[in-house]
Amino acid sequence: ALAQELYGLGLAQKDAVSVLAAARLAGSVSLRRVERKKTPEGSAVEAPGADLPLQAEAMFGAARGLAGEDESLIGLIEAAQAEAAFAPTEVAQFTPSTLPAGGVDLWEVALFGGSDAEIGVLGDGGANLDVTVTDENGSTVCIDVGWTDRVYCEFTPAWNGYFSVRVANVGKGDNSYHLLTN
């Protein structure tokens, strides 16, 4: 999620160094698509969801484009790209979805007690998304009702179980997003 935010900021400011930093962050995580149990509320939108979040290779390419003729910066980008090929990566699972304005998706996610849990939602910028995570007893363990469609939630469950992730589109347009978990 941080890599995506930094990448967007770097592009907006035409800053190759920020985009390079985003690429290095993105390169530390490999993504694997998984199917998850989802219950939509309201009218469902049959759409494939957002494109796969930008991978490090695309970000390195964007950094190179922003570097222009700066040989020092190009060398730094090439070195970082070569290094990334051998760097260890964490694995994150993702599932794409699309929500219409006013729509809600309820996801069921299995988590392990005593292990750090990370849940992220990366939207396409089309509308505000609010996220609430609850345990099997209905207790809220994480909530985000800010003005963005990018959410990060980290906690440690006390026991093994299924947690509900509620993603609500509170904006005026459709939003394609990814649900990400570790």
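- Atoms OG1 and CG, from T39 and D105 in turn, are 9.0 Å apart once rounded to the nearest 0.5 Å.
- The shortest distance between side-chain heavy atoms of K37 and W107 does not fall below 4.5 Å.
- I143 has its side chain out of reach of D130: every pair of non-hydrogen atoms, C-beta onward, lies at least 4.5 Å apart.
- Between the side chains of T134 and T140, no donor N or O sits under 3.5 Å from an acceptor N or O.
- Between K38 and S97, the closest side-chain pair of non-hydrogen atoms falls below 4.5 Å.
- Contact between G126 and D124 at its shortest, heavy atoms only, is N-OD1, 2.7 Å.
- Rounding to the nearest 0.5 Å places SG of C153 at 8.5 Å from CG of D144.
- A side-chain donor-acceptor contact under 3.5 Å links N169 to the backbone of G173.
- Side-chain contact, N175 with D149: a donor N or O sits under 3.5 Å from an acceptor N or O.
- Remark: L66 CG to I74 CD1 distance equals 11.0 Å, nearest 0.5 Å.
- In this structure, I119 CD1 and E154 CD are separated by 10.5 Å, a value rounded to the nearest 0.5 Å.
- Closest of all the heavy-atom pairs between G161 and E136 is CA-OE1, 3.7 Å.
- D135 and Y162 form no side-chain donor-acceptor contact under 3.5 Å, judged by distance and modelled atom types alone.
- In the hydrophobic clustering of ILVMFWY residues, with side-chain heavy atoms under 4.5 Å counting as a link, F60 and L11 come out apart.
- Annotation: side chain of E83 is in contact with side chain of R24 (closest heavy-atom distance under 4.5 Å).
- Other residues, nucleotides and ligands contribute more than 12 heavy atoms inside 6.0 Å of the CZ atom of R150.
- Between L106 and S164 the shortest side-chain heavy-atom distance does not fall below 4.5 Å.
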Inset, instruction - Apply side chain to side chain contact (heavy atoms under 4.5 Å, CB included) to the pair V121 and L180, showing each step before the final yes or no. - result: CA-CA 6 Å; V121 172; L180 296 134; over 6 Å; no
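- Counting heavy atoms from C-beta outward, V29 and L31 have side chains that approach closer than 4.5 Å.
- The two residues A22 and A3 come nearest to each other via the heavy atoms CB-O, 3.4 Å.
- Evaluation of the salt bridge (charged side-chain N to carboxylate O under 4.0 Å, His left out) rule for E78 yields R64 as partners, not counting sequence neighbours.
- A side-chain donor-acceptor contact under 3.5 Å links T95 and R36.
- With N128 contributing its side chain and G146 its backbone, the two residues share a donor-acceptor pair below 3.5 Å.
- When all heavy atoms are compared, the tightest approach of G171 to A101 is O-CB, 3.3 Å.
- The CD atom of Q4 sits 9.5 Å away from atom NE2 of H178, with the distance rounded to the nearest 0.5 Å.
- The backbone N or O of D116 lies less than 3.5 Å from a partner atom in the side chain of N182, making a donor-acceptor pair.
- Using a 4.5 Å cut-off between side-chain heavy atoms of Ile, Leu, Val, Met, Phe, Trp and Tyr, with links allowed through other members, L6 and Y152 fall into different hydrophobic clusters.
- Partner Y177 forms a side-chain contact (heavy atoms from CB on, under 4.5 Å) with one of L129, V131, L122 and no other, that one being L129.
- Here the CD atom belonging to Q81 is positioned 8.5 Å from the CD1 atom belonging to I77, to the nearest 0.5 angstrom.
- Between F163 and F155, the ring planes lie tilted relative to each other; the angle falls in the 30° to 60° range.
- When all heavy atoms of V167 and L99 are compared, the closest pair comes out as O-CD1, 3.4 Å.
- In plain terms, the two heavy atoms of A117 and L111 that are nearest each other are CB-CD1, 3.9 Å.
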